[in-house]
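Since the structure comes first, as structure tokens, the remarks are kept for the end.
Chain letters run A, B, ... following the sequence lines, proteins first, then strands; residues in each count from 1. Atoms considered below: every heavy atom in the structure, side chains included; atoms not considered: hydrogens, waters and symmetry mates.
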2 protein chains.
Amino acid sequence: MLDERKAAILRAVVQGYIETAQPVGSAVIARAADLAVSSATIRNEMAVLERDGYLTQPHTSAGRIPTDKGYRFFVDSLTPPGLLAPAQKVQVRDFFAKAHGALEQVLHDTSQLLANLTHYAAVVIAPPAEGATVRSVQVVGLGPRTGLAVAVLANGAVEKGTIEFDHDVGEERMAAATAHLSAHLAGMTLAAGARVPATGDADTDAVVLAAGRALHRDPGADADHVYLGGASRMAAAFDAVDTVRQILGVLEQEYVVVGLLREVLDRGMSVSIGGEHGDPPLSECSVIVSPYLVEGEAAGTIGVLGPTRMNYPQAMAAVAVVSQRLGRRLSEG
Amino acid sequence: MLDERKAAILRAVVQGYIETAQPVGSAVIARAADLAVSSATIRNEMAVLERDGYLTQPHTSAGRIPTDKGYRFFVDSLTPPGLLAPAQKVQVRDFFAKAHGALEQVLHDTSQLLANLTHYAAVVIAPPAEGATVRSVQVVGLGPRTGLAVAVLANGAVEKGTIEFDHDVGEERMAAATAHLSAHLAGMTLAAGARVPATGDADTDAVVLAAGRALHRDPGADADHVYLGGASRMAAAFDAVDTVRQILGVLEQEYVVVGLLREVLDRGMSVSIGGEHGDPPLSECSVIVSPYLVEGEAAGTIGVLGPTRMNYPQAMAAVAVVSQRLGRRLSEG
DNA sequence: GTTGGCACTCGATGATACCGAGTGCCAACC
DNA sequence: GGTTGGCACTCGGTATCATCGAGTGCCAAC
């Protein structure tokens with residue numbers, strides 16, 4: 001464990017580096033931090049912090065920058081979750097006051113909001129369809145052998161899936177299937193679609209079955225809906241153009257992002273720093289995640305992805321507030 | 001007009017610059033192009049091309065690079081639309097053979113396909129909802145005073161909009177509104193939603209009216225659905241990190257992209273080079289657009305956005321092929 | 001344990017020279 | 001007159017070198 005003075009110095013280095021993106025020297029700390037000690041003492045302490053793996057030097061005779069371990073200590077020592085600037089609080093409040101529209105729209109806009117608040121990339125993962133009960137199901141014919149199954153869930157989500165038939169199906173069959181599905185699925189989850197009893201009419205049953213399959217995704221399948229906002233912010237955070245390219249490439253693959261957030265949460269973390277998550281191209285990035293609760297249950301996840309030297313207190317506050325308000329907004333229907 | 005030799009030299013410079021991203025000198029052209037002339041002659045011609053605004057020099061004693069006007073000539077002289085590599089043809093064919101699923105999914109995946117084919121950013125704009133007839137409408141209650149109107153269109157699109165009521169509305173009213181809307185909207189466009197006759201029951205009419213409003217967007221409003229694929233490709237095309245940031249920032253604002261494509265098409269162009277379109281941050285980019293036809297009518301637009309020194313023949317071929325196959329795919333329903 | 005002092009390191013900055021790709025021009029040539 | 005080899009010239013890129021200064025590590029003194 002670090003004694004109080006080392007901790008203060010470490011915090012000062014992290015804070016300084018977050019602000020300036022420049023290595024922090026002992027003199028700056030002696031001046032800024034209100035430890036009444038000289039720069040020489042700071043130097044001695046910093047040498048120890050480096051030996052213990054909290055700090056590193058880009059080269060001899062430069063200041064120190066935090067290692068992942070240093071950031072980790074910094075983040076863990078932030079017990080009060082940090083506060084949002086008043087203007088930002090207002091921004092969040094206004095946003096959720098006006099956040100009407102379908103689930104999709106709300107989640108999309110939320111990702112933008114979070115990106116704007118933090119100036120980093122933001123991710124919002126929709127609540128899984130399994131959790132919500134069905135309010136309405138419908139089978140609609142499109143072409144002679146194709147149809148569309150549409151379900152509206154209680155949380156405002158609209159799930160859809162195409163159906164292909166091997167022979168023509170008339171409107172009456174679709175209507176029959178719609179009625180049958182409505183009767184048996186309303187109030188249940190989509191997973192019940194596979195267990196709808198037979199009607200007795202083989203053609204109708206085929207439609208019902210196909211619709212059930214089209215709407216239901218396996219819980220394991222990563223068909224989660226993901227909303228990514230502010231990816232371009234990553235370009236501002238790094239100055240090596242191919243770092244930017246790599247990160248953006250990763251962000252474009254939704255399943256990687258989803259996997260990343262899920263993995264971080266599985267480890268019970270809310271902040272993952274640099275190499276703590278596995279992805280090599282993201283080793284210069286940190287992730288802040290939080291589940292949001294809808295009616296008391298963890299529904300989806302929101303997160304922020306930024307450079308390791310991101311402004312943790314501010315970003316953590318933003319994530320906390322937005323996840324809380326989003327959960328509340330989705331709970332009230 | 002340019003004489004044949006100047007044209008050949010100009011084409012060679014464009015081609016060389018596209019391949020190497022380096023200024024092209026007279027010696028390279030004398031060697032590569034099969035004009036049986038010396039580099040001195042090429043130099044003389046290039047001086048004229050520069051005076052006429054087709055070429056420019058980054059600095060004295062460097063080779064020439066094309067101006068926008070030079071690219072324009074190059075593109076206009078490509079009368080045969082260019083061919084896709086066989087492997088890519090197969091890729092497109094396979095893609096559309098497997099492209100099932102709802103409209104949304106198809107369009108999203110198409111943008112990815114186009115980005116992969118060209119290695120640039122790709123945009124797909126969905127057919128406007130006004131054009132398609134309604135196959136099914138439904139009003140679903142979510143909370144005590146909120147509901148969701150969902151319409152399935154003949155082209156496979158699903159339009160949705162939230163409804164807010166100022167007092168509680170029971171399930172029966174929703175059902176009545178659904179039945180009424182279904183009866184009067186099926187086979188019509190969503191615009192007809194505003195002209196559905198009254199039922200006689202005031203509460204039901206309120207729901208009907210609200211649903212109509214929720215589903216119908218004004219043709220002028222830029223509520224078009226946009227799918228953007230491969231934005232990270234832009235990071236590979238430029239080496240100035242803040243150019244990348246600016247371009248990505250623009251791409252994130254959907255309405256700018258939509259406006260850009262629309263403007264280009266309005267001018268009757270299919271290729272817009274550098275400064276030809278108005279956006280200053282995109283002055284180092286070119287855009288290739290093409291409408292796609294569904295049942296003979298222009299429905300939506302697809303496009304590719306790349307650096308001005310993009311591979312025009314290849315990208316134009318990709319856009320042409322994909323727009324054609326996408327139109328065909330959407331026509332067959 | 002702390003501190004001022006000091007030698008040392010090493011990246012950043014700037015000046016200088018050099019190289020070479022490429023040009024423009026010109027006189028000669030067909 | 002168009003074409004060409006020759007040649008002086010330009011100028012960005014690269015390498016070399018010296019300098020500067022921020023910052024360190026260490027040590028002797030407090």
Side-chain angles (χ1 to χ4, degrees), chain A residues 1-10 12-17 19-67 70 239-241 309, chain B residues 1-10 12-67 70 239-240 309:
Chain A
M1 206 43 222
L2 299 178
D3 63 68
E4 186 43 46
R5 195 173 63 189
K6 285 195 187 61
I9 292 173
L10 178 50
V13 173
V14 173
Q15 232 143 16
Y17 189 62
E19 282 167 25
T20 65
Q22 299 291 330
V24 182
S26 55
V28 181
I29 294 188
R31 226 177 305 123
D34 47 358
L35 312 158
V37 289
S38 77
S39 66
T41 308
I42 308 273
R43 276 201 290 285
N44 291 332
E45 298 283 51
M46 291 210 297
V48 177
L49 284 170
E50 179 164 5
R51 265 193 288 284
D52 291 352
Y54 293 98
L55 294 178
T56 188
Q57 276 180 298
H59 51 85
T60 336
S61 97
R64 303 302 211 290
I65 63 177
T67 60
D239 43 321
V241 73
R309 69 171 146 69
Chain B
M1 203 45 217
L2 299 179
D3 63 68
E4 186 43 46
R5 195 171 64 187
K6 285 195 187 59
I9 291 172
L10 177 51
V13 172
V14 174
Q15 233 143 15
Y17 189 62
I18 285 174
E19 281 165 27
T20 64
Q22 299 291 332
V24 183
S26 55
V28 181
I29 293 188
R31 226 176 305 123
D34 46 359
L35 313 158
V37 290
S38 77
S39 67
T41 308
I42 308 273
R43 276 201 292 284
N44 292 331
E45 298 283 51
M46 291 208 299
V48 177
L49 285 170
E50 180 165 4
R51 265 192 289 282
D52 292 354
Y54 293 99
L55 294 178
T56 187
Q57 276 181 300
H59 51 84
T60 336
S61 97
R64 301 304 209 293
I65 63 177
T67 61
D239 42 322
R309 69 173 146 68

Gap between atoms CD and P, on B:E50 and C:dC25 respectively (whole Å):
11 Å
Are any non-hydrogen side-chain atoms of A:M46 and A:V13 less than 4.5 angstrom apart?
yes
B:D34 atom CG: more than 12 heavy-atom contacts under 6.0 Å:
no
Closer than 3.5 angstrom, by distance alone: can the side chain of B:D52 be matched with the main-chain N or O of B:Y54 as a donor-acceptor pair?
no
Side-chain N or O of A:T41 versus OP1/OP2 of C:dG1: is the shortest distance under 4.0 Å?
no
Return yes if the base of D:dT10 and the side-chain atoms of B:S61 contain a donor-acceptor N/O pair under 3.5 Å, otherwise no.
yes
Check every strand shown and say whether A:A62 touches a base, only sugar-phosphate, or nothing at a heavy-atom separation below 4.0 Å.
sugar-phosphate
First encountered from the 5' end of DNA chain D, between B:A36 and B:T60
B:A36
Can you check the A:L55 CG to D:dG23 C1' distance for me, whole Å?
14 Å
Which base, if any, makes a Watson-Crick or G-U wobble pair with C:dA12, both distances under 3.5 Å?
D:dT19
Between atom CZ in A:R64 and atom P in D:dG23, what is the gap in whole Å?
12 Å
Any donor and acceptor pair, going by atom type alone, linking the side chain of B:T67 with main-chain N or O of B:G53 inside 3.5 Å?
yes
Rounded to the Å, how far apart are B:L35 CG and D:dG2 P?
17 Å
Whole-Å distance, B:R31 CZ to C:dG22 P, equals 9 Å
Do B:L2 and B:I9 come close enough that some side-chain heavy atom pair is under 4.5 Å?
no
Rounded interatomic separation in angstrom, taking CD from A:Q57 and P from D:dG23:
11 Å
Here the distance between atom P of C:dT3 and atom CD1 of A:I42, to the nearest Å, is 9 Å
Here's a test of your reading of the structure: between B:R51 and A:S39, which maps to the more 5' nucleotide of DNA chain C?
A:S39
Could you check how far CD of B:Q22 sits from P of C:dG20, rounded to whole Å?
18 Å
Any idea which of D:dG12, C:dG4, D:dT4 is nearest the B:H59 side chain?
D:dG12
B:R43 (side chain) and D:dG6 (base): donor-acceptor pair under 3.5 Å:
yes
What nucleotide among D:dT4, D:dT24, C:dG24 has an atom nearest to a side-chain atom of B:A47?
C:dG24
In the structure shown, which nucleotide is the Watson-Crick or G-U wobble counterpart of D:dC26, with both distances under 3.5 Å?
C:dG5
Are OP1 or OP2 of D:dT4 and a side-chain N or O of B:S38 less than 4.0 angstrom apart?
yes
